[in-house]
Amino acid sequence: MAEVAEIKSMELVPEAFITEKVREIADIVGDGTAINALSGGVDSSVVTMLGHRALKTKLKTYFINNGLMRKNEPQQIAGLFKQFGVDVKIVDAEKQFFQALKGITDPEEKREAITQTFYKDVFGKLVRDSGAKYLLQGTILTDIDETIAGIKRQHNVFEQLGIDPQEAFGYKIIEPVVQLRKDGVRKVGQALGLPASVFNRMPFPGPALSARVIGEATPQRIETVRMATSIVEEELFATKAFQYMAILHQDKVTGMRNNKRDFGNQIEIRCWDSVDARIATPTQLSHEMLVKLAHRMVTEVPGVVSVTYNMTPKPPSTMEAV
Ligand code: XMP
């Protein structure tokens, strides 16, 4: 297994990096075609722009709607990239993902179900239909580190686990930003001319909202965490924290509403200060903000009776709960 040579953000010369990667992608793909999945996160956005520069119409970009994304995300992202000249096709695959997640409660099994559905079923079909030989994807060095260390198997890491994508899925994977960490990818995004709303976008995990649901990710439980996420993102945007999220717990607790017992859901809020996601500390939110968040959760998200704020740094916590 080839060791990946890290390019530290401090040493990175974004313009030179872009020129080199655009050339590399063009050389590898040659006369063929490539496809990529854009989620709208900084990694896949940067890879989309690098691929677009290198391949123009020889790159087909898809937004896979797995049913696990945030409110209005598919349309927003496709609309935004249209402005940069990139035609993004939305692929509706909600049913396939929920079917694959049915009955699964173990975090790593959930990741595996998403990996298989994404790479084998949904992408496999797209590749077969399009005749593309290559998939461009935004794996970064932290994904590989955490997978190798056995902390969390990131959904997009294969080679380091001894999996040959060509054999397993029928296509090769090109990873133009694999030598970078998040801060480096942001620099490249800025140099590519992406707006700050994209290159400074908060990280969001590949398994999307299923990583924010402890226990089974059913359509209904995903909808609960989607509503909670929308509130957290609205309220905490101004903090400029590295990442903030809402998590739906598996255990229910006794609450009360209108003088009646209400056995309901618990939402945990996390808000992180971090540079590169390797270590992180909870942001010191004001008591007023915490009260406001709790109030909005119990009044706007049906079935929520308890709201907590995580106070544990990473490590020993991880940033996501799943
Ligand atoms: P953890 O939870 O491992 O998260 O402390 C570190 C950073 O990685 C993101 N994350 C993921 N990203 N696939 C991804 O693409 C995943 O499976 C995954 N799990 C966590 C997380 O949001 C945080 O920014």
Side-chain angles (χ1 to χ4, degrees), residues 36-48 63-64 66 68-70 73 77 97 100-101 104 106-119 123 135-158 160-161 163 173 175-178 180-186 189 199-214 217 225 229 232-233 236 239-248 268-283 310 312-322:
N36 81 312
L38 170 68
S39 69
V42 57
D43 307 336
S44 71
S45 296
V46 163
V47 166
T48 298
F63 185 102
I64 309 297
N66 53 17
L68 309 169
M69 304 307 280
R70 289 165 290 186
E73 214 164 10
I77 304 298
F97 280 90
L101 287 165
I104 298 180
D106 177 80
E108 295 297 291
E109 282 180 30
K110 243 190 230 178
R111 279 162 202 273
E112 185 57 19
I114 288 175
T115 300
Q116 290 299 329
T117 309
F118 186 88
Y119 288 95
F123 243 92
L135 169 66
L136 280 178
Q137 87 169 3
T139 322
I140 63 169
L141 203 48
T142 316
D143 296 340
I144 292 177
D145 285 349
E146 298 212 339
T147 299
I148 292 175
I151 296 166
K152 251 172 225 191
R153 179 213 190 291
Q154 305 288 317
H155 72 289
N156 54 2
V157 173
F158 301 107
Q160 289 73 13
L161 295 174
I163 300 169
I173 296 185
E175 298 173 317
V177 294
V178 74
L180 308 178
R181 296 192 189 273
K182 200 62 105 190
D183 40 352
V185 184
R186 291 194 203 286
F199 71 75
N200 270 339
R201 200 161 189 235
M202 183 169 68
F204 188 63
L209 294 176
S210 76
R212 307 266 167 91
V213 162
I214 302 177
V225 87
T229 301
V232 168
E233 291 193 355
L236 298 183
T239 62
K240 296 200 166 63
F242 181 88
Q243 198 172 9
Y244 31 88
M245 61 192 72
I247 292 153
L248 173 62
E268 176 185 338
I269 296 167
R270 295 184 175 193
C271 182
W272 296 107
D273 293 335
S274 180
V275 175
D276 58 14
R278 280 188 290 181
I279 55 169
T281 49
T283 305
N310 172 63
T312 321
K314 171 183 179 175
S317 181
T318 59
M319 297 175 80
E320 307 286 348
V322 162

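Ligands are counted one by one from 1 in listed order, and the atoms in each one are counted from 1 as well.
- Of the candidates K182, K314, E320, K314 brings a heavy atom nearest to atom 6 (C) of ligand 1.
- Summary of contacts: the protein heavy atom closest to atom 17 (O) of ligand 1 is R111 NH1, 2.4 Å.
- For P207, the heavy-atom gap to ligand 1 drops under 4.0 angstrom.
- In terms of protein heavy-atom proximity, atom 23 (C) of ligand 1 is nearest to Q243 OE1, 3.3 Å.
- In terms of modelled atom types and a separation under 3.5 Å, the side chain of T117 and the main chain of F97 share no donor-acceptor contact.
- The number of heavy atoms from other shown groups lying within 6.0 Å of CD1 (I279) does not exceed 12.
- A side chain to side chain contact (heavy atoms under 4.5 Å, CB included) with T139 holds for exactly one of V47, V177, I144, D43; it is I144.
- Look at R111 and E146 and you find no salt bridge, because none of the NZ, NE, NH1 or NH2 atoms lies under 4.0 Å from a carboxylate O.
- Near P203, meaning under 4.0 Å from any of its heavy atoms, are these atoms of ligand 1: 24 (O).
- The shortest N/O to N/O separation between D143 and ligand 1 does not fall below 3.5 Å.
- Counting protein heavy atoms only, atom 12 (N) of ligand 1 is closest to Q154 OE1, 3.3 Å.
- Only one option out of V225, L68, I104, V322 pairs with S210 in a side chain to side chain contact (heavy atoms under 4.5 Å, CB included); it is L68.
- At least one N or O atom of G206, backbone or side chain, sits closer than 3.5 Å to an N or O atom of ligand 1.
- We find that E73 and R201 are joined by a salt bridge, their nearest charged nitrogen and carboxylate oxygen being less than 4.0 Å apart.
- Given atom 2 (O) of ligand 1, the protein heavy atom at minimum distance is K152 NZ, 2.4 Å.
- Within the 3.5 Å criterion, the main-chain N or O of V213 finds a donor-acceptor partner in the side chain of K110.
- For ligand 1, one of its N or O atoms has an N or O atom of M319 under 3.5 Å away.
- Taking the six-membered ring where the residue is Trp, Y119 and F158 present perpendicular rings, their angle passing 60° and hence far from 30°.
- For the residues P205, A277, G41, the heavy atom positioned nearest atom 7 (C) of ligand 1 is part of A277.
- For atom 3 (O) of ligand 1, the nearest non-hydrogen atom of the protein is E146 OE1, 2.8 Å.
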